[in-house]
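Structure first, commentary second.
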Amino acid sequence: MSKNLRNQNAGSDMDFFTRVYQVVRMIPSGKVSTYGAIARFLGSPQSARMVGWAMNNSHTQKDYVPAHRVLNRNGMLTGKHHFGGSKVMEELLESEGIQIVDDSVVDFHAHLWDPNAELI
DNA sequence: CTCGTGACTCCCC
DNA sequence: AGGGGAGCCACGA
């Protein structure tokens with residue numbers, strides 16, 4: 001299944017957004033990923049912005065999308081404003097065992113879940 | 001239909 | 001070292 005999400009698989013009939021949502025749903029609780037890693041996994045490293053856009057629209061999805069687990073490449077909570085409150089995203093992550101200081105994940109690399117490495 | 005914009009990132013001065 | 005530009009694609013005005 002994970003293989004079908006990769007863009008290099010020309011047979012994929014899902015659009016970019018849909019694949020973004022699928023990947024984000026695979027991020028395990030207690031882990032985080034990045035816009036860039038997801039974009040790269042989908043075969044468009046330059047389309048990290050689209051991942052952000054997808055997260056912006058993720059609330060329109062029927063199925064839950066853990067958008068709070070997606071951060072920028074520095075492990076900063078750049079999208080926290082879109083969670084209504086300024087602390088909502090932070091609290092969601094901390095409830096999953098991730099420590100946040102100054103809008104950044106503590107020991108970010110240790111919590112990083114990279115689909116390129118995990119979903120081969 | 002064209003234009004601007006965005007939860008990003010990389011490359012090049 | 002840090003700032004600026006380009007690339008990416010969808011969507012609303």
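Keep in mind that the numbers below use all heavy atoms, side chains included, and drop hydrogens, waters and symmetry copies. Here is the naming used below: chain letters follow the sequence lines, and residue numbers restart at 1 for every chain.
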Worksheet item: What residues in residues 50-68 of chain A put a non-hydrogen atom under 4.0 Å from any atom of DNA chain C?
Response: A:M50, A:W53
Discussion item. Is it the case that the side chain of A:S44 and the backbone of A:S47 share a donor-acceptor pair, with hydrogens and angles ignored and the cut-off at 3.5 Å?
Written reply: no
Discussion item. Expressed as a whole number of angstroms, how long is the span from A:L42:CG to C:dA10:P?
Written reply: 12 Å
Worksheet item: Should the pair A:F17 and A:Y21 be assigned to parallel (<30°), tilted (30 to 60°) or perpendicular (>60°) ring geometry?
Response: perpendicular
Worksheet item: When the distance from CG of A:L92 to C1' of B:dA7 is rounded to whole Å, what number comes out?
Response: 15 Å
Discussion item. I need the minimum non-hydrogen distance between A:G79 and A:M89, along with the two atoms involved.
Written reply: C-SD, 3.9 Å
Worksheet item: Across the strands shown, which category fits A:F16 at heavy-atom distances under 4.0 angstrom: base, sugar-phosphate, nothing?
Response: nothing
Fill in: Given DNA chain C, 5'-ward residue of the pair A:P45 and A:F17, judged by closest heavy atom
A:P45
Worksheet entry | Any side-chain heavy-atom pair of A:N56 and A:H82 under 4.5 Å | yes
Practice prompt. Quick one: label A:R73 by what it contacts on the DNA or RNA (base, sugar-phosphate, nothing), any heavy atom closer than 4.0 Å.
Written response: sugar-phosphate
Worksheet entry | Salt bridge A:R69-A:E96, side-chain N to carboxylate O under 4.0 Å | yes
Worksheet item: Between A:H82 and B:dA7, do the rings stack, that is, sit under 5.5 Å apart with planes less than 30° off each other?
Response: yes
Response to the item:
Separation of C:dG5 atom C1' from A:Q46 atom CD, nearest Å, is 12 Å
Worksheet item: Would you say the side chains of A:T18 and A:D15 form a donor-acceptor pair under 3.5 Å?
Response: yes
Fill in: Nucleic acid contacts of residues 101-114 of chain A, taken as heavy-atom distances under 4.0 Å to DNA chain B
none
Worksheet item: What distance do A:S33 atom OG and A:H111 atom NE2 have between them, rounded to the nearest 0.5 Å?
Response: 14.0 Å
Response to the item:
Here the distance between atom C1' of C:dA10 and atom OH of A:Y21, to the nearest Å, is 10 Å
Item to complete: Measure the distance from CZ on A:R69 to C1' on B:dA7 and round it to the nearest whole Å.
Response: 17 Å
Worksheet item: Quantified in whole Å, what is the P atom distance between nucleotide C:dG5 and nucleotide B:dG4?
Response: 15 Å
Worksheet item: So, A:D114 side chain and A:N116 main chain: donor-acceptor pair closer than 3.5 Å or not?
Response: yes
Item to complete: Write down the distance between CZ (A:R19) and P (C:dC8), rounded to a whole number of angstrom.
Response: 15 Å
Worksheet item: Over how many whole Å does the gap from A:N74 atom CG to B:dT9 atom C1' extend?
Response: 10 Å
Worksheet item: Which nucleotide in the set B:dA7, B:dT9, C:dC9 lies at the smallest distance from any side-chain heavy atom of A:N72?
Response: B:dT9
Discussion item. Distance check needed: C:dG7 C1' versus A:Y35 OH, whole Å only.
Written reply: 19 Å
Fill in: Exam field: side chain A:N72 to backbone A:G75, donor-acceptor pair closer than 3.5 Å
yes
